[in-house]
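One structure is given here, and the rest of the page talks about it.
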Amino acid sequence: LKYMSLLSIPEASKWATEYLEKDVSTANISYLVQYGKVKKHGENGSTQVDVNDLKKYYESWNGKREVDWKQKLGNDLNWALSFDNLREVHTTKHVHRLHPYKGKYIPQLVEYFLGTHTDDFKKEVYFKSGDIVLDPFMGSGTTLIQSLEMGIHSIGIDVSEFNCMIASCKATHYDYDYVQKAIKKMLAALDTFEHDNQIQEFESELLAELSKFNNTYFPGYEFKYKVNQGNFNEKTFSNEKEKEFLPVYEKLLKKYSIKLKQGKADSFLDIWFMDNVRREIDHVFQTIKQERDVKTRKILALILSRTIRSCRATTHSDLATLKEPQITTYYCFKHKKICKPLFSIKTMLNRYAFDTLNRIKDFGNLRKLVHYSTVAGDSRSVDIFEKVEKQSPEFAKILKKQKIAGIFCSPPYVGQIDYHEQHAYAYDLLGYKRNDELEIGPLYKGQGQEARRSYAQGIADVLNNCKRYFKDDYDVFLVANDKYNLYPEIAEKSGMKIINQFKRPVLNRTERDRNPYSEIIFHFKSK
């Protein structure tokens with residue numbers, strides 16, 4: 001089709017679909033405009049984009065990505081496992097987004113290996129309805145949730161008690177109406193709590209001043225477009241404007257007598273939260289503790305945990321990896337404007353409470369009537385039969401009769417993530433015991449020779465313990481970026497052999513390094 005140079009959003013969607021020979025929605029085009037990837041034209045709500053801008057964008061990155069990655073990483077790269085056709089709403093569907101967690105894989109990867117379809121890469125079916133699958137490094141419970149959706153029994157084990165809480169909250173079957181009432185009660189308790197009645201007035205005036213300032217110096221898509229063109233010194237300009245706004249902020253703090261820091265700095269909660277935010281957190285937590293139903297109490301606590309993670313006194317771009325407390329207004333490299341720290345949890349708590357409610361309702365309609373068990377323990381030594389027996393004698397009978405069909409999990413990577421520290425705020429709030437010393441391949445041990453040796457032995461010890469509960473013809477799938485080539489040794493030490501490797505591109509990474517990157521799904525079987 002021939003097109004004019006300027007296209008409306010629906011026309012641009014149609015053009016891009018034909019040009020790329022894959023579906024490009026209007027939402028995709030709107031995203032490009034919103035984030036300044038292509039220039040916005042048109043006035044009074046009739047947004048238009050230039051077809052030449054679109055072509056330039058797709059040629060530079062998206063359209064050629066698959067060819068480029070295969071050239072660099074090899075033709076054995078299984079592009080179907082990139083799931084590049086999915087939007088974030090699909091990869092974080094229903095309860096998978098109940099709480100942030102670093103290092104988790106997307107549910108579609110689990111579906112691929114647990115499902116009954118075959119293709120050129122996956123030539124046979126490994127698991128069927130009614131089987132039992134194990135995840136000895138459960139994390140936030142992705143394998144368990146997908147098993148529940150697919151009619152497969154599941155067991156998850158993790159040394160982190162908080163990880164077990166996240167997974168358990170996701171997997172629990174709730175009385176929806178009861179949880180809804182409990183959530184409304186929790187929100188009402190915060191509404192009636194007003195430690196400092198000047199906070200709301202202060203924030204209203206601060207937001208008005210920020211809006212005026214940002215509209216003048218950082219006018220939305222126009223500023224983002226200017227930055228994306230690459231011939232503008234964003235850092236110098238933003239530093240200058242950050243300093244220019246600071247006196248306005250300080251004047252308002254004084255006017256409303258706002259206290260920023262807490263009186264002590266003994267714990268994570270003391271250091272990383274504004275004074276008023278901390279008081280609100282404590283008030284809501286006291287309300288939650290009065291809830292009598294254990295399952296409901298836990299999901300309310302998880303909503304609060306998710307909320308306080310987003311309300312830490314840090315910049316938006318440092319939420320995943322904290323640097324230092326941010327208690328002043330600042331230039332935000334993520335949003336390309338001056339942003340402010342949070343002085344109240346109200347907005348976030350409301351948003352996450354109703355989001356959680358919708359997600360557990362969605363999952364409640366999808367889940368199958370199968371068993372699951374979340375076990376807090378060390379997978380190297382835990383007695384799986386005993387733990388499941390304590391939780392569900394009925395599930396234990398099935399387990400002992402048919403045994404575990406296999407594993408689907410992502411073991412920790414060597415020296416990459418501090419699994420307990422990423423949720424330090426939750427351990428402080430909920431009082432769970434930290435088991436950092438039981439982590440395999442933790443960040444603090446690094447990636448040296450001794451760390452690798454200890455890691456390989458740790459993973460092998462897990463497999464050797466778990467295989468005591470396997471049926472004879474088991475299948476073990478381990479998702480890993482094996483840059484130190486440790487998995488052949490791990491297979492050997494665990495009395496298994498690698499019979500296949502599935503190589504997948506990892507597209508949506510949070511790190512700033514955007515170089516082509518892949519991981520391997522190792523398929524182990526008995527020797």
Side-chain angles (χ1 to χ4, degrees), residues 92-105 107 110 135 137-149 154-187 281 284-285 287-310 345 348-368 370-377 387-388 391-392 395 419-420 422-433:
T92 56
K93 60 182 179 170
H94 51 72
V95 293
H96 288 295
R97 201 173 208 164
L98 284 199
H99 198 284
Y101 186 86
K102 259 192 207 172
K104 66 180 178 183
Y105 42 57
V110 185
D135 185 344
F137 299 100
M138 176 175 60
S140 63
T142 304
T143 296
L144 262 70
I145 298 308
Q146 281 317 113
S147 299
L148 280 164
E149 194 178 321
S154 57
I155 301 164
I157 308 167
D158 207 285
V159 296
S160 160
E161 291 187 44
F162 182 62
N163 287 357
C164 291
M165 177 186 163
I166 298 175
S168 177
C169 283
K170 288 178 178 179
T172 295
H173 206 320
Y174 297 96
D175 176 335
Y176 179 80
D177 292 335
Y178 185 89
V179 173
Q180 188 175 35
K181 283 176 191 164
I183 279 176
K184 286 180 177 172
K185 188 177 171 186
M186 174 180 72
L187 297 176
I281 290 168
V284 172
F285 193 47
T287 305
I288 290 169
K289 286 200 274 192
Q290 291 164 25
E291 171 55 56
R292 290 181 182 178
D293 180 66
V294 176
K295 294 193 295 189
T296 305
R297 191 163 67 236
K298 281 189 175 179
I299 193 69
L300 294 178
L302 195 71
I303 292 167
L304 180 58
S305 173
R306 182 183 175 189
T307 300
I308 70 175
R309 182 187 179 275
S310 294
I345 68 170
M348 289 294 184
L349 189 69
N350 271 274
R351 181 190 301 169
Y352 292 152
F354 290 111
D355 180 68
T356 297
L357 208 49
N358 291 333
R359 289 177 184 279
I360 62 174
K361 187 177 187 179
D362 288 346
F363 185 55
N365 295 328
L366 290 170
R367 61 186 300 151
K368 306 290 189 298
V370 286
H371 293 281
Y372 72 91
S373 182
T374 59
V375 174
K387 292 284 188 182
V388 173
Q391 290 184 13
S392 170
F395 186 17
Y419 287 92
H420 279 75
Q422 69 163 311
H423 301 306
Y425 53 90
Y427 280 96
D428 256 16
L429 178 74
L430 304 170
Y432 282 130
K433 180 181 180 292

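This is a predicted model, so every value here is computed, not measured. Just so you know, these numbers use all the heavy atoms, side chains as well, and skip hydrogens, waters and symmetry mates.
- Around the NZ atom of Lys185, the shell of radius 6.0 Å holds no more than 12 heavy atoms that belong to other residues, nucleotides or ligands.
- For the atom pair Thr296 OG1 and Lys181 NZ, the distance stands at 11.5 Å (nearest 0.5 Å).
- Nearest heavy atoms, Met138 versus Thr374: SD-CG2, 3.9 Å.
- Atom NZ of Lys387 has 12 or fewer heavy atoms from other residues, nucleotides or ligands within 6.0 Å.
- Looking only at distances, no side-chain donor or acceptor of Lys170 sits under 3.5 Å from a matching main-chain atom of Thr142.
- Atom NZ of residue Lys433 and atom NE2 of residue His420 lie 8.0 Å apart, to the nearest 0.5 angstrom.
- Contact between Ser154 and Phe395 at its shortest, heavy atoms only, is O-CE2, 3.6 Å.
- In this structure a side-chain-to-backbone donor-acceptor pair under 3.5 Å is present from Lys368 to Glu149.
- In this structure, CG in Asp428 is found 10.5 Å from CD1 in Ile281, a value given to the nearest 0.5 Å.
- Counting heavy atoms from C-beta on, the side chains of Leu357 and Tyr176 come closer than 4.5 Å.
- Heavy-atom minimum distance, Ala376 versus Glu161: CB-CG, 4.5 Å.
- Between Phe354 and Thr356, every side-chain heavy-atom pair lies at or beyond the 4.5 Å cut-off.
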What's the verdict on side-chain contact (heavy atoms from CB on, under 4.5 Å) for Lys361 and Asn358, showing C-alpha distance, side-chain angles and the deciding distance?
CA-CA 5 Å; Lys361 187 177 187 179; Asn358 291 333; 5.7 Å; no
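- Heavy-atom minimum distance, Tyr372 versus Ser168: OH-O, 4.4 Å.
- Distance check, rounded to the nearest 0.5 Å: CD1 of Ile155 to OG of Ser392 gives 10.0 Å.
- Two residues are said to be in side-chain contact when any heavy atoms from C-beta on lie closer than 4.5 Å; Val388 and His371 fail this criterion.
- The shortest non-hydrogen separation linking Lys295 to Tyr174 is O-CE2, 3.7 Å.
- At a threshold of 4.5 Å between non-hydrogen side-chain atoms, the residues His423 and Asn163 count as touching.
- The two residues Tyr432 and Tyr427 make their nearest non-hydrogen contact at O-CD2, 3.4 Å.
- Taking CD of Gln180 as the reference point, atom CG of Asp175 lies at 10.5 Å (rounded to 0.5 Å).
- For the pair Thr172 and Ile299, the minimum side-chain heavy-atom distance is 4.5 Å or more.
- Side-chain contact between Val110 and Ile145: absent, with no pair of heavy atoms (C-beta onward) separated by less than 4.5 Å.
- With hydrogens and angles left out, the side-chain atoms of Gln391 and Ser373 include a donor and acceptor closer than 3.5 Å.
- The side-chain heavy atoms of Leu187 and Leu349, taken from C-beta on, include a pair separated by under 4.5 Å.
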Begin with the C-alpha distance, continue with both residues' side-chain angles, and end with the deciding distance and a verdict on side-chain hydrogen bond (donor to acceptor under 3.5 Å, both in side chains) for Thr143 and Tyr105.
CA-CA 9 Å; Thr143 296; Tyr105 42 57; 2.5 Å; yes
Evaluation steps, side-chain contact (heavy atoms from CB on, under 4.5 Å), between Tyr419 and Ser160
CA-CA 8 Å; Tyr419 287 92; Ser160 160; over 6 Å; no
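- In this structure, the separation between CG on Leu300 and OG1 on Thr287 is 10.0 Å, given to the nearest 0.5 Å.
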Kindly indicate, with the supporting measurements, whether the criterion ring-ring contact (aromatic ring centres under 6.0 Å, His included) is fulfilled by Phe363 and His96.
CA-CA 9 Å; Phe363 185 55; His96 288 295; 7.6 Å; no
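- Lys93 has its side chain out of reach of Asp362: every pair of non-hydrogen atoms, C-beta onward, lies at least 4.5 Å apart.
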Enumerate, atom names and distances included, each donor-acceptor pair closer than 3.5 Å involving a side-chain atom of residues 302-310, sequence neighbours excluded.
| residue | atom | partner | partner atom | Å |
| --- | --- | --- | --- | --- |
| Ser305 | OG | His99 | NE2 | 2.8 |
| Arg306 | NH1 | Asp355 | OD2 | 2.9 |
| Arg306 | NH2 | Asp355 | OD2 | 3.1 |
| Thr307 | OG1 | Ile303 | O | 2.8 |
| Ser310 | OG | Tyr352 | OH | 2.7 |

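- Under the 3.5 Å distance criterion, the side-chain polar atoms of Gln422 are left unmatched by any main-chain donor or acceptor of Tyr101.
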